[in-house]
**Q** 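Have a look at the structure that comes next, please.
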Amino acid sequence: MAGHSQFKNIMHRKGRQDAARSKMFSKLSKEITVAAKMGGPDIASNPRLRLAVQNAKAQSMPKDNIQRAINKSQAGDADNYEEIRYEGYGPAGVAVIVEALTDNKNRSASNVRSYFSKCGGSMGETGSVAFMFDRVGEIVYPASAGSADAMLEAAIEAGADDVQSDETSHVVTCAFEDLGDVSKALEESLGEAETVKTIWKPQTLTPVDAEKAQTIFKLIAMLEDDDDVQNVYANFDIDEETMASLTAA
């Protein structure tokens with residue numbers, strides 16, 4: 001594992017996920033509302049909404065919350081959210097991409113810039129680090145979905161490019177434009193996935209030591225705690241020994 005998945009692993013072991021549950025629901029609701037407003041409230045004919053609802057269900061978001069978010073998109077007074085991508089460099093020159101949905105661009109830009117600054121990083125122009133990442137589809141299944149070999153076989157048959165398996169999950173990646181077809185094929189053979197989404201996958205990774213890793217985790221935590229921020233991606237890499245020491249801390 002590398003990059004953001006390492007951050008998730010550490011936060012999971014520290015029990016941060018439970019504390020952030022309501023904030024996660026809020027962000028999932030925002031994505032559902034935006035997807036329904038852009039492509040209509042019919043899940044069957046709106047691929048983005050279908051993925052948003054599927055991801056919300058995977059996080060055990062109540063059906064009432066999901067329906068409320070869809071209904072909100074059709075209300076006359078629905079908030080107008082704009083999709084914005086921020087890019088910059090964190091500690092040790094780690095490249096960071098931040099995706100946001102906001103109703104106030106000035107507030108979001110100011111907040112994100114301050115997080116970078118507080119952690120010794122700097123926010124750049126749009127495109128300043130995106131060239132170091134590939135836009136790909138990511139489909140995640142729990143480890144219980146099958147063996148690594150079985151997942152690899154299913155993924156190849158579905159048209160995916162790669163599978164990374166560990167003790168907790170199977171992460172399938174595919175071309176951005178193939179996400180819908182690959183996820184549908186996998187669902188037919190394996191059942192519903194935990195998450196199906198597009199991500200920014202680093203082309204190369206930047207090794208960091210324990211001290212820099214802690215600062216990077218602090219930056220990612222600050223970004224993810226912001227109500228406007230939906231996703232954060234970074235290209236850092238931590239060796240197993242450092243990872244173990246941080247997890248135990």
**Q** Report yes or no: do D149 and S147 form a side-chain donor-acceptor pair below 3.5 Å?
**A**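 Not at all, the side chains of D149 and S147 share no donor-acceptor pair under 3.5 Å.
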**Q** Does I220 share a hydrophobic cluster with V208, counting links as ILVMFWY side-chain heavy atoms below 4.5 Å and allowing steps through other members?
**A**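 Yes; tracing contacts between hydrophobic side chains, which count when under 4.5 Å, links both residues.
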**Q** Let me check something: do V98 and L101 share a hydrophobic cluster, defined by ILVMFWY side-chain heavy atoms less than 4.5 Å apart, either directly or through other members?
**A**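 No.
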**Q** For T33 versus S73, what's the shortest heavy-atom pair and its separation?
**A**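 Result for this residue pair: O-CB, 3.3 Å.
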**Q** More than 12 non-hydrogen atoms from neighbouring residues, nucleotides or ligands closer than 6.0 Å to CD on Q203, yes or no?
**A**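 Counting neighbours around CD of Q203, more than 12 heavy atoms of other residues, nucleotides or ligands fall under 6.0 Å, so yes.
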**Q** OH of Y89 to CG of L219: how many Å apart, nearest 0.5 Å?
**A**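 One gets 14.5 Å once the value is rounded to the nearest 0.5 Å.
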**Q** Evaluate the criterion side chain to side chain contact (heavy atoms under 4.5 Å, CB included) for residue pair E99 and V229; output intermediate values, then yes/no.
**A** CA-CA 6 Å; E99 292 180 332; V229 173; over 6 Å; no
**Q** Applying side chain to side chain contact (heavy atoms under 4.5 Å, CB included) between W200 and each of I97, N235, V96, report the one that passes.
**A**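 Between W200 and the candidates, side chain to side chain contact (heavy atoms under 4.5 Å, CB included) is satisfied uniquely by I97.
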**Q** Any chance you could lay out the side chain to side chain contact (heavy atoms under 4.5 Å, CB included) test for K105 and E82, step after step, and finish with the verdict?
**A** CA-CA 8 Å; K105 290 194 298 182; E82 188 172 351; 3.3 Å; yes
**Q** Step by step, work out the side chain to side chain contact (heavy atoms under 4.5 Å, CB included) result for V112 and D226.
**A** CA-CA 8 Å; V112 171; D226 190 287; 5.7 Å; no
**Q** Measure from the ring center of Y86 to the ring center of Y115 and say whether it is less than 6.0 Å.
**A**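 Distance test on ring centres: not under 6.0 Å, no.
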**Q** If you define the side chain from C-beta out and look only at heavy atoms, does anything of V171 sit under 4.5 Å from V163?
**A**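 V171 vs V163: side chains apart.
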**Q** Are side-chain heavy atoms of M24 and Q59 found at a separation under 4.5 Å?
**A**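 Side chain of M24 against side chain of Q59, heavy atoms only: contact under 4.5 Å found.
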**Q** Consider only side-chain heavy atoms of I, L, V, M, F, W and Y, link residues closer than 4.5 Å, and tell whether V182 and I156 are in one cluster.
**A**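 Same hydrophobic cluster.
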**Q** Quick check on the hydrophobic clustering: are Y81 and I84 connected, directly or via other members, by side-chain heavy-atom contacts under 4.5 Å?
**A**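 Each belongs to a different hydrophobic cluster.
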**Q** Just checking, any donor-acceptor pair under 3.5 angstrom between side chains of N111 and S108?
**A**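 Side-chain D/A pair, N111 to S108: absent.
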**Q** Does atom NZ (K27) have a neighbourhood of more than 12 heavy atoms from anything else shown, all under 6.0 Å?
**A**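 Above 12, so yes.
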**Q** Quick one about T242 and D239 (side-chain donor to acceptor, distance below 3.5 Å, no hydrogens or angles considered), yes or no?
**A**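 T242 and D239 do have a side-chain donor-acceptor pair below 3.5 Å.
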**Q** Hey, are the side chains of M38 and L49 touching, using non-hydrogen atoms and a 4.5 Å cut-off?
**A**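 No. Closest side-chain heavy atoms not under 4.5 Å.
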**Q** Quick one about N80 and K37 (side-chain donor to acceptor, distance below 3.5 Å, no hydrogens or angles considered), yes or no?
**A**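 Yes, side-chain donor-acceptor contact under 3.5 Å.
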**Q** Is the shortest distance from a Lys or Arg side-chain nitrogen in R85 or E125 to a carboxylate oxygen in the other one below 4.0 Å?
**A**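 Looking at R85 and E125, the cut-off is not met.
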**Q** Decide, yes or no, whether a salt bridge links E192 with K57 under the criterion of side-chain N to carboxylate O below 4.0 Å.
**A**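 Answer for the salt bridge query: no.
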**Q** Between N65 and R68, do the side chains contain an N or O donor and an N or O acceptor separated by less than 3.5 Å?
**A**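 Yes, a side-chain donor-acceptor pair sits under 3.5 Å.
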**Q** May I ask you to decide whether E211 forms a salt bridge with K218, counting only side-chain N to carboxylate O separations under 4.0 Å?
**A**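 Not counted as a salt bridge, because no side-chain N and carboxylate O are separated by less than 4.0 Å.
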**Q** What's the shortest heavy-atom distance between V129 and G88, and which atoms?
**A**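 Taking V129 first and G88 second, the nearest heavy atoms are CG1-O, 3.6 Å.
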**Q** Of all heavy-atom pairs between K201 and V136, which one has the smallest distance, and what is that distance?
**A**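 Here K201 and V136 meet closest at CB-CG2, 3.9 Å.
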